[in-house]
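Notes follow once the structure below has been shown.
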2 protein chains.
Amino acid sequence: MAREMLRQGGRSARIQAEVHRTVQDLLKTMDRSEITVPMIAERAGVTPSTIYRRWGDLSELLADVAVARMRPIADPDDTGALASDMEAFVVQYAEEMSSRVGRAMLVDVVGSVQSGAAAQCCQYTYHHLETLRERAVARGETPFDVEEAIDRVMAPIVYHILFGDRELSPDYCRTLVRGFFAVSVYE
Amino acid sequence: MAREMLRQGGRSARIQAEVHRTVQDLLKTMDRSEITVPMIAERAGVTPSTIYRRWGDLSELLADVAVARMRPIADPDDTGALASDMEAFVVQYAEEMSSRVGRAMLVDVVGSVQSGAAAQCCQYTYHHLETLRERAVARGETPFDVEEAIDRVMAPIVYHILFGDRELSPDYCRTLVRGFFAVSVYE
DNA sequence: ACCTTAACGCAAATTTTTAGCGTTAGCGGG
DNA sequence: CCCGCTAACGCTAAAAATTTGCGTTAAGGT
């Protein structure tokens with residue numbers, strides 16, 4: 001997530017927004033491996049050195065853009081019950097992330113050792129699951145352990161996306177969720 | 001894994017071995033982000049163009065080296081019982097892969113879209129687990145589902161390594177293994 | 001309104017990557 | 001065992017990307 005900006009407004013913010021938008025546009029058209037910093041700079045109307053100084057290199061920039069895209073814009077859908085809430089959330093997550101660009105985003109985020117992009121990314125999913133949990137509690141349903149949900153449901157999905165060793169059908173996702181609720185094996 | 005070599009012996013093989021060895025040496029000394037192709041080429045005694053032509057770019061080369069390093073040299077230890085076999089295997093895997101270079105290897109492998117490095121990598125772990133399963137069957141123990149083991153045990157470990165959101169203590173690994181054997185939730 | 005300095009643009013210097021071309025040597029056939 | 005074919009390499013020049021120095025612009029505080 002780049003570094004914390006000391007100056008958050010004005011020109012600096014405009015450039016960040018423009019560069020982000022340009023990268024997202026390019027990702028629609030071409031493959032991640034074809035994108036270069038000078039290419040982004042030209043389309044965004046900035047000089048390459050600005051990008052290098054601010055983000056360090058291409059992979060950091062891509063990771064920054066990825067976490068920004070993954071930032072939740074809304075809470076998960078409320079379907080009325082915990083099981084269906086989580087099912088919907090997980091299926092949608094798998095669908096988005098198993099796409100060509102989705103996988104690339106995960107790889108970029110995970111590849112960003114610095115800048116805490118990886119940490120930020122899994123904070124987002126943690127937060128979503130926490131929302132589902134609180135919602136369940138408010139409904140009077142028996143809650144669940146968020147960390148266990150990550151291990152039992154999210155982790156397998158991410159694993160298969162990254163290693164590409166298995167198709168991620170909605171059915172498979174639902175099986176994971178049902179297995180999770182069927183029995184808790186922690187503690 | 002580069003591309004299939006049409007010529008597998010002689011000079012070509014020597015160069016591959018020398019480049020691999022050089023990369024591994026460099027990874028001990030410096031960070032992955034500081035390594036460059038010309039740097040590798042010089043130390044390995046080859047011209048950079050050779051590396052570019054053969055591996056394409058740095059990330060492909062690093063992924064190639066990573067899978068080569070991850071190639072199993074021996075079967076997992078035989079401790080006499082399935083549960084302890086898997087415990088030992090998983091704890092060792094977590095230890096190796098959560099290290100600085102181990103994590104970098106995973107990232108490189110996962111980042112290598114082409115070349116099937118990712119597929120090869122998870123084939124290795126699949127094979128190891130399959131070995132444990134066959135061994136268990138031979139002993140007359142109740143076998144287990146390898147894919148379920150990947151989902152329930154390996155996936156969480158890889159997830160936490162890549163996102164760095166949790167310490168991977170041996171205790172945590174053992175909890176995963178015990179939870180896996182305590183109950184099967186598939187099918 | 002003024003001051004400080006983070007962040008930028010520009011351009012030169014450096015490094016990395018690509019591409020052309022001649023040479024070396026692995027491997028199969030005679 | 002020797003020969004021919006060509007994959008793979010080395011070398012070099014050109015192209016592209018990255019780094020760096022320095023002057024300029026404009027946030028954000030006083």
Side-chain angles (χ1 to χ4, degrees), chain A residues 1-23 25-27 29-65 68 104 108 111-115, chain B residues 1-23 26-27 29-65 68 108 111-115:
Chain A
M1 196 160 243
R3 63 170 173 282
E4 288 326 306
M5 280 191 293
L6 294 175
R7 295 187 176 176
Q8 319 188 5
R11 179 171 64 168
S12 184
R14 275 198 306 279
I15 286 181
Q16 151 137 7
E18 189 60 34
V19 168
H20 273 223
R21 206 181 58 71
T22 303
V23 169
D25 285 350
L26 286 174
L27 281 172
T29 310
M30 58 203 338
D31 194 77
R32 188 201 165 293
S33 60
E34 301 174 315
I35 297 178
T36 67
V37 170
M39 181 187 299
I40 297 168
E42 191 191 9
R43 296 214 191 189
V46 299
T47 52
S49 61
T50 294
I51 292 179
Y52 287 117
R53 256 193 275 260
R54 188 147 162 189
W55 281 279
D57 60 13
L58 180 60
S59 64
E60 289 292 331
L61 169 57
L62 290 177
D64 189 37
V65 172
D108 287 332
S112 167
V113 193
Q114 327 217 42
S115 81
Chain B
M1 193 156 253
R3 64 173 172 282
E4 289 326 306
M5 280 192 292
L6 294 175
R7 295 187 176 177
Q8 318 188 3
R11 179 171 63 170
S12 183
R14 275 198 306 280
I15 286 182
Q16 151 137 7
E18 189 59 34
V19 168
H20 273 224
R21 207 181 57 71
T22 303
V23 170
L26 285 174
L27 282 173
T29 310
M30 58 205 335
D31 195 76
R32 189 202 165 292
S33 60
E34 301 174 315
I35 298 178
T36 67
V37 170
M39 180 188 299
I40 297 168
E42 190 190 11
R43 296 214 190 190
V46 300
T47 50
S49 60
T50 294
I51 293 179
Y52 286 117
R53 255 193 284 260
R54 187 148 163 190
W55 282 279
D57 61 14
L58 180 59
S59 65
E60 289 291 332
L61 170 56
L62 291 176
D64 188 36
V65 172
D108 287 332
S112 167
V113 194
Q114 327 215 42
S115 82

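This structure is a prediction, so every number in the text was calculated from the model and none was measured. Below, read A as the first sequence line, B as the second, and so on, with proteins coming before strands; counting in each chain starts at 1.
- In this structure a side-chain-to-backbone donor-acceptor pair under 3.5 Å is present from A:Thr22 to A:Glu18.
- Rounded to whole Å, atom P of D:dT20 lies 13 Å from atom CG of A:Asp57.
- In this structure, B:Arg54 atom CZ and D:dC9 atom P are separated by 5 Å, rounded to whole Å.
- When each of D:dA26, C:dC8, D:dA8 is scored by its nearest atom to the side-chain atoms of A:Ser12, the top-ranked nucleotide is C:dC8.
- Of all non-hydrogen atoms in A:Met39 and A:Glu34, the two that sit nearest each other are CE-O, 3.4 Å.
- What separates CH2 of B:Trp55 from C1' of C:dT16 is a distance of 18 Å, to the nearest Å.
- Taking the side chain of A:Gln8 as heavy atoms from C-beta on, and the options D:dA27, D:dG28, D:dA8, the nearest nucleotide is D:dG28.
- The base of D:dA26 does not come close enough to the side chain of A:Arg11 for any donor and acceptor atom to sit less than 3.5 Å apart.
- Near-neighbour residues of DNA chain D inside residues 34-51 of chain A, defined by a heavy atom below 4.0 Å, number-ordered: A:Thr36, A:Val37, A:Pro38, A:Ser49.
- Screening B:Ile51, B:Val65, B:Val46 for a side-chain contact (heavy atoms from CB on, under 4.5 Å) involving B:Ile40 leaves a single residue, B:Ile51.
- How far CG of A:Asp108 is from CG of A:Leu27: 8.0 Å, rounded to the nearest 0.5 Å.
- Residue A:Ile15 contributes atom CD1, which lies 11 Å from atom P of C:dC10 at whole-angstrom precision.
- Between A:Glu60 and A:Ser112, the shortest heavy-atom distance links the atoms OE1-OG, 3.3 Å.
- Contact check for B:Leu26 versus B:Arg43: side-chain heavy atoms found under the 4.5 Å cut-off.
- Atoms CG (A:Leu58) and P (C:dT16) sit 17 Å apart, rounded to a whole Å.
- The base of C:dT18 is not paired with the side chain of B:Arg53 by any donor and acceptor separated by under 3.5 Å.
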